There are 2 protein chains.
Amino acid sequence: MSDRPTLKDVAAKAGVSFKTVSRVVNDEPGVSSAIAERVRSAVAELGYRRNHSAQVLRRSDARLQTVAIVHADATNPFAAAVHASFERYLRTTADTLVVSASSHGDPGEHDRLVDLFTERRVDGLAVIPVSDSPGPALRRELDRNTPIVFIDREPGVNADVVASDHIGGARAATRHLLAHGHRRVGFLGSREQSDSIRQRHAGFTDAVTEAGAESVVRFGLTTPDLADEAVTELLAGADAPTALFAAQNLAAVGAVRALHRLGRQHEVALVAFDHLEIADLVEPAITTAPQNAEALGRAAAEVLLRRIDGDSSDPTRIVVPVEIVPRGSGELAL
Amino acid sequence: MSDRPTLKDVAAKAGVSFKTVSRVVNDEPGVSSAIAERVRSAVAELGYRRNHSAQVLRRSDARLQTVAIVHADATNPFAAAVHASFERYLRTTADTLVVSASSHGDPGEHDRLVDLFTERRVDGLAVIPVSDSPGPALRRELDRNTPIVFIDREPGVNADVVASDHIGGARAATRHLLAHGHRRVGFLGSREQSDSIRQRHAGFTDAVTEAGAESVVRFGLTTPDLADEAVTELLAGADAPTALFAAQNLAAVGAVRALHRLGRQHEVALVAFDHLEIADLVEPAITTAPQNAEALGRAAAEVLLRRIDGDSSDPTRIVVPVEIVPRGSGELAL
DNA sequence: GCAAAGGTAGACAACGTTGTCAGACCCCGA
DNA sequence: TCGGGGTCTGACAACGTTGTCTACCTTTGC
């Protein structure tokens, strides 16, 4: 990727000064149409492309038309959907390139990615946190008032956040189960370190407590296999729950698998947080409380753009509602 | 994202020349430890970060430690899995940042993204094509011998490609169905413009022809809903197929949905190309011919790295085998 | 005690671009 | 014929960094 033609190369070919070429490629006035034409054909012939680094260096105040999004796990379909919405909004409304990278869940790598994007100078950052508190690079950028928006999870600092109403959604989902007569409900959670999971747990506990019901709680179910095991074990126990709230989609997948293998899918109620591709493919179809990825991505983009435009008001916290979609599995009565 | 401290700012704070600071931040020899220490604390205090643009500009021959991947649709789980493998390999073995963007299937936007990454100077590009032939920007980069690897689909030019064995996988999957006695097999395809879909169709046709069986072919099933409709219609017809080959995962999801709604999931055989999250959640579990996303991503990274390292041999075509995973749905006999 | 050698620090140019300024040219009217 | 004004073009500096070269200061060896 070297030996690219520069303004000078184009200028030499067109027989003009490189400043004239600069004017032409930037559509600046003050170039006669004959010369402009000659320059344009030289540009086309050499395949000249402006060097973004040099441009950015010279006009260090200008917009880079680039924002970065740092993923915890870009293969998560929910994260991908948020990303898609975020990207579409920024590309279409602000002509801004969205670049991304994923830390695969490693906090050190996560912070390192923030660092790498910072070195490369972006207009702003969207971050899906992997841990409770920001790493050194992220903290430095927050101090520097770099436009940053956190998506989906609490960053552990006072900053702009766009997140689903985890508490309200989990509370509503659990109430939904309790309304069908269940008195003993299981909670299937993934990483307890994750704030969104903790919030869903809080909403779950709210609903259980207000109804005076009982609960069984499992955390650490980060893969379908682990969730499958946990459900199998729970249901074999003496006082097994009669309804399950899966706080995360992979846990839900494992729960469905276990229920079907045990043949108890028509007996044990299940509500799953998050969208599930499989929701209406199984019998009974799975009642879900899906996060609105489209709204989250769009809201994050809006907040970030406002910050990039110079808005320096206090951090905002945008909460996107989560609504229950009844499909059958959550309506199984005791 | 402005007003960042520069070498000069750090130098002023530490009371040295900016070149000395440069030496310290680059771990170059020739700085006394006392001064180096003073510089390091000034760096820490100001939160100095090297300006990547300036660095790249100065050393225009050097590696940028950055490659870009341009997606057709980053929300496709298969694409996401390939990306994850690609990213992990490059981050860990070559300390290279992988940035990405997605065109959401729009060829013009796709080529524009290539252009934007080119302007930003990356060491190489990985491209998941959206159309049969490269756009102007991509063509220009190919002419310029920019390291580029195409993933999963044919680019329409002579270039490095890493792709699954679509033909062989589809042929094997179809033979698998025919081996269970079916004589009339349906083909469910998504975009006919896509070369991978055409190849799967070719493999399908191979197997049908060699067995002297009959086929019904549907293209354009790009969403589960469209596939659902198509299957519903096919099965209602006079000479309905008794087995289905879904050439793409979204089409497979729709097919499963239709079969279950019609209650014919134990009667009509189904093999699906690609990985399906739902594969073993439904009854019968779905027999698949999954692409090896991990191998594809890794192979693409290896090819690209070799090109970046200066390998200028003829374009290679790496074909990653696709193996059938029998789970039940594909073994339903006539 | 002095020259040579080595280690340390800074001055300066250059990368490719854009902003500022000045110069060259042309046309027009006096 | 000449000056004034506008239009077009180019020279030059600057952005923040790294590579090269030079200058200083200390140490070493005779």
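The structure presented is a predicted model; accordingly, all values stated were derived computationally and were not measured. Chain letters run A, B, ... following the sequence lines, proteins first, then strands; residues in each count from 1. When reading the values below, keep in mind they use all heavy atoms of this one structure, side chains included, and skip hydrogens, waters and symmetry mates.
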For D:dG10, does either OP1 or OP2 sit under 4.0 Å from a side-chain N or O belonging to A:Ser17?
-> yes
Is any NZ, NE, NH1 or NH2 atom of the basic residue among B:Asp95 and B:Arg91 found under 4.0 Å from an Asp or Glu carboxylate oxygen of the other?
-> yes
Between atom CZ in B:Arg59 and atom C1' in C:dA14, what is the gap in whole Å?
-> 14 Å
To the nearest Å, how far apart are A:Phe18 CZ and C:dA14 P?
-> 13 Å
No-H, no-angle donor-acceptor pair, A:Arg23 side chain to D:dG10 base, under 3.5 Å = yes
B:Ser32 side chain N/O closer than 4.0 Å to the phosphate oxygens (OP1, OP2) of C:dA9?
-> yes
To the nearest 0.5 Å, atom OG of A:Ser312 lies from atom CZ of A:Arg307 at 7.5 Å
Residue B:Ser22, side-chain atoms from C-beta onward, closest of D:dT17, D:dT18, D:dG10 = D:dT18
Of all of residues 38-58 of chain A, which get a heavy atom below 4.0 angstrom from DNA chain D, listed by number?
-> A:Leu57, A:Arg58
Run the salt-bridge test on B:Asp115 and B:Arg140 with the 4.0 Å N-O cut-off and return the result as yes or no.
-> yes
Once you build an axis from the first five pairs and another from the last five of the helix from C:dG1-D:dC30 to C:dA30-D:dT1, how far apart in angle are they, to 10 degrees?
-> 60°
Tell me: CG of A:Asp9 to C1' of C:dC15, nearest whole Å?
-> 13 Å
For residues A:His52 and A:Leu64, report the shortest heavy-atom separation together with the two atoms involved.
-> NE2-O, 3.6 Å
